[in-house]
2 protein chains.
Amino acid sequence: MEKEWRRSMPLLSMNIVMQLTGLTARQIRYYEEQELVHPARTEGKQRMFSLDDIDILLEIKDLLKTGVNIAGIKQIFEMKNSPITSKEVRQVISDRELRAIVKEEMHLAQRQQRASLRQGDLSRFFR
Amino acid sequence: MEKEWRRSMPLLSMNIVMQLTGLTARQIRYYEEQELVHPARTEGKQRMFSLDDIDILLEIKDLLKTGVNIAGIKQIFEMKNSPITSKEVRQVISDRELRAIVKEEMHLAQRQQRASLRQGDLSRFFR
DNA sequence: AAATAGTTGTTAGTTTTCCTAACATGATGT
DNA sequence: ACATCATGTTAGGAAAACTAACAACTATTT
């Protein structure tokens with residue numbers, strides 16, 4: 001019975017998400033506008049959030065609190081979704097794309113360093 | 001973070017509960033009127049359901065489908081809340097009622113095994 | 001057959017919640 | 001000082017949920 005709960009099922013409405021995360025509606029909508037989170041919509045276009053969305057929002061909240069800005073969070077999320085470590089991946093990605101990614105990764109590294117110097121340890125967000 | 005998720009937390013709004021249970025709003029409100037389920041309310045008086053509430057509603061739906069009426073369901077729920085010995089039961093419940101209830105309880109046992117499979121596909125409600 | 005009771009549908013009118021879009025504001029970085 | 005970022009605030013409108021009443025269908029009783 002518990003197993004059928006998919007963390008990705010959009011079950012939660014705005015009000016509840018605000019309570020669960022402590023964020024304002026404005027903040028949540030802004031993070032969606034910045035493409036950090038992608039809640040589902042009802043037929044009437046109202047947002048419906050999943051537990052996964054809650055996790056993402058809490059992570060955003062945490063990262064913002066430690067001084068990372070939206071752009072930085074975007075990079076961090078991209079890293080989590082596509083770790084480019086393996087050779088196979090390199091074969092699939094074009095040279096131009098690869099150069100862009102590497103360049104971004106270096107910028108990201110700088111940002112991380114700055115952030116951690118100022119604010120604290122970010123290592124727990126990486127695996 | 002995962003621990004904050006309580007089955008008794010009222011997180012779900014009407015629309016979602018309708019989808020999860022396959023019941024109409026009218027039915028759900030009627031069952032509340034009959035005191036079979038007791039959803040929480042927002043400040044604006046809107047119903048908020050917990051996972052436990054969902055279970056109850058699914059059980060109501062099942063019992064109704066097998067021919068038990070609201071009064072019978074009420075009795076069954078009372079039995080579950082305060083398990084009493086068979087002698088006492090006979091004093092309170094007529095023979096006919098008892099037979100019906102026992103029959104349904106056996107069905108219930110089967111049903112609870114099936115329960116995890118019963119949820120419908122919600123994906124069509126979202127894009 | 002008619003009446004009754006139980007369960008759900010339907011409708012109307014209202015309230016609550018959520019939406020988008022725009023402009024305002026305080027903080028931060030250049 | 002000025003620009004950018006993140007959020008607040010407001011206005012107007014749309015969606016979702018509410019209550020209450022009445023209708024309808026079913027099954028049971030008289």
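Within every chain, numbering begins at 1; the chains are lettered A, B, ... in the order of the sequence lines, protein sequences first and strands thereafter. Computed over heavy atoms, backbone and side chain alike; hydrogens, waters and symmetry mates excluded.
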A.B. asks: Between A:Arg26 and A:Glu32, is there a side-chain N and carboxylate O pair less than 4.0 Å apart?
C.D. replies: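 So A:Arg26 does not pair with A:Glu32 through a salt bridge.
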
A.B. asks: Roughly how many Å is it from CD1 in B:Ile70 to C1' in C:dA5, rounded to a whole number?
C.D. replies: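 To the nearest whole Å, that distance equals 13 Å.
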
A.B. asks: If the cut-off is 4.0 Å, is B:Tyr31 near the phosphate of C:dT7, judged by side-chain N/O to OP1 or OP2?
C.D. replies: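 Looking at the OP1 and OP2 atoms of C:dT7, neither is under 4.0 Å from any side-chain N or O of B:Tyr31.
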
A.B. asks: Please encode protein proximity along nucleotides 9-28 of chain C as a string of B, S and -, counting only heavy-atom distances under 4.0 Å.
C.D. replies: BB-----BSSBB-B------

A.B. asks: Rounded off to whole Å, could you give me the CD-to-P distance for the B:Gln34 and C:dT7 pair?
C.D. replies: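 These atoms are roughly 7 Å apart.
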
A.B. asks: To the nearest 0.5 Å, what is the distance between CZ (B:Arg7) and CG (B:Asp55)?
C.D. replies: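 The CG atom of B:Asp55 is 4.5 Å from CZ of B:Arg7, to the nearest 0.5 Å.
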
A.B. asks: Let me know the distance between CG of B:Leu63 and C1' of C:dG6, rounded to the nearest Å.
C.D. replies: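 Spelled out: CG on B:Leu63 to C1' on C:dG6 is 16 Å.
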
A.B. asks: Measure the spacing between CG of B:Leu11 and CZ of B:Arg6 and express it to the nearest 0.5 Å.
C.D. replies: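 Output value for this atom pair is 11.5 Å.
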
A.B. asks: Just how far is it from atom CD1 of A:Ile54 to atom CG of A:Leu20, taken to the nearest 0.5 Å?
C.D. replies: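 So the CD1 of A:Ile54 and the CG of A:Leu20 are separated by 5.0 Å.
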
A.B. asks: Is there side-chain contact between A:Arg29 and A:Arg47, with heavy atoms separated by less than 4.5 Å?
C.D. replies: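 Side chain of A:Arg29 against side chain of A:Arg47, heavy atoms only: contact under 4.5 Å found.
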
A.B. asks: Would a 4.5 Å heavy-atom cut-off, applied to side chains only, mark A:Lys74 and A:Gln34 as touching?
C.D. replies: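 Result yes, sub-4.5 Å side-chain heavy-atom pair found.
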
A.B. asks: To the nearest angstrom, how far is A:Leu23 atom CG from D:dT7 atom P?
C.D. replies: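 Distance, rounded to whole Å: 8 Å.
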
A.B. asks: Between A:Tyr30 and D:dA6, is there a side-chain N or O to OP1/OP2 distance below 4.0 Å?
C.D. replies: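 Yes.
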
